[in-house]
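I have placed the structure first, in the form of structure tokens, so that the comments after it can refer back to it.
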Amino acid sequence: MERWWHDAGIAAPRLIGCELVRTLRGRVRRGRIVETEAYLPDDPASHSFRGLTERNRAMFGPPATAYVYRIHQVLCFNVVTGPRGQGEAVLIRAVQPLEGEDLMARARAAATQGSRPPSGFGLTNGPGKLCQALSITPRHDGQALLDPDAAPGLRLEIRPAVAEIRTSPRIGISKGVELPLRFFEAGNPWVSPGRPSAP
DNA sequence: ATGTCGATTCCCT
DNA sequence: GGGAATCGACATA
């Protein structure tokens, strides 16, 4: 485990450019991470702020495992960081489809019955959207992400650091709003809408 | 036991 | 750009 895993504030930008690989029924979906948010220890915006609960248990597990939680009928996917027990994690907010885009579209359409089938950047440009596109489920909560033999078929592949990364305040929170803990790849159209890009 | 509040998304103006 | 949807987890008047 490399050093950068021990700090969500470092891991969050470092996870930009890494790839999330979902294997289901022998078929592969691959997404390149383009947007993340860090949630730190003693961070009032973090689910871990008030200590361990049933929901955030996975956040206190070992680094490079998944923390999956439900919010507003939707799932969000995090990569746990820091030494075990710190309650740190990095929220994955958007990915760029690299493989299996058709399967992602099908999964999104199935998850959003009632509305028009999602297409274009809307396929994976949000934390709930990418979970639908990759068929991430509550079963992935707590699962190791670097293990190539991971049973649930969800894996994280480390890639070289990306050069052009921008920061901004985090989205959708009411505490800790000023901290620049959101990271995204400059100019990438798959980054979620809703925030201006800082140079 | 019950009330509050979202680490969101979609649809509308 | 704003608001409704909608329900489970969490904290507690």
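In what follows, every chain begins at residue 1, and chains take the letters A, B, ... in the order their sequences are listed.
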Any donor-acceptor pair under 3.5 Å linking the side chain of [X] with the backbone of [Y]?
X        : Y        : result
A:Thr112 : A:Arg108 : yes
A:Asn56  : A:Thr53  : yes
A:Arg166 : A:Ala186 : no

>> Categorize A:Ile173 for me: base, sugar-phosphate, or nothing, with a 4.0 angstrom heavy-atom threshold over every strand shown.
In response: sugar-phosphate
> What pairs meet the salt bridge (Lys or Arg N to Asp or Glu O under 4.0 Å) rule with one or both residues in residues 44-63 of chain A, with sequence neighbours excluded?
Replying inline: A:Arg57-A:Asp141
> Which pairs with one or both residues in residues 79-99 of chain A pass salt bridge (Lys or Arg N to Asp or Glu O under 4.0 Å), sequence neighbours excluded?
Replying inline: A:Arg30-A:Glu99, A:Glu35-A:Arg93, A:Glu37-A:Arg93
>> Using OP1 and OP2 only, check whether a side-chain N or O of A:Ser174 sits under 4.0 Å from B:dG6.
In response: yes
Gap between atoms [atom1] and [atom2], on [X] and [N] respectively (whole Å):
X        : N     : atom1 : atom2 : result
A:Glu37  : B:dT8 : CD    : C1'   : 12 Å
A:Met59  : B:dA7 : CE    : C1'   : 9 Å
A:Phe49  : B:dC5 : CZ    : C1'   : 16 Å
A:Phe183 : B:dA7 : CZ    : C1'   : 15 Å

> Quick one: on DNA chain B, does A:Tyr69 or A:Gln132 contact a more 5' nucleotide (nearest heavy atom)?
Replying inline: A:Tyr69
> Same cluster for A:Trp5 and A:Leu40 if Ile/Leu/Val/Met/Phe/Trp/Tyr side chains link at under 4.5 Å?
Replying inline: no
> Just by protein heavy atoms under 4.0 Å, how would nucleotides 5-13 of chain C read 5' to 3' in B, S and -?
Replying inline: BBS-SSS--
>> Under 5.5 Å centre to centre and under 30° between planes: does that hold for A:Tyr39 and the six-membered base ring of B:dA7?
In response: yes
>> When you compare the side chain of A:Pro193 with that of A:Asn125, does any pair of heavy atoms fall below 4.5 Å?
In response: yes
>> The side chain of A:His47 is closest to which nucleotide in this list: B:dT9, B:dA7, B:dC10?
In response: B:dA7
> Taking atom types as modelled, is there a side-chain donor on A:Arg29 or A:Ser135 under 3.5 Å from an acceptor on the other?
Replying inline: yes
>> To the closest 0.5 Å, what do you measure between CG (A:Asp43) and OG (A:Ser48)?
In response: 7.0 Å
> Got a second to check how far A:Leu15's CG is from A:Arg159's CZ, nearest 0.5 Å?
Replying inline: 12.5 Å
> So what is the 5' to 3' dot-bracket string for DNA chain C, if pairs are Watson-Crick or G-U wobble with both distances under 3.5 Å, crossing pairs use [ ] and | means the partner sits on another strand?
Replying inline: |||||.||||||.
> Quick one, which residues of residues 120-131 of chain A touch DNA chain C with a heavy atom under 4.0 Å?
Replying inline: none
> Which other residues end up in the same hydrophobic cluster as A:Leu52, if Ile, Leu, Val, Met, Phe, Trp and Tyr are linked when side-chain heavy atoms come under 4.5 Å apart?
Replying inline: A:Tyr39, A:Met59, A:Phe60, A:Tyr67, A:Tyr69, A:Ile71, A:Val80, A:Leu91, A:Ile173, A:Val177
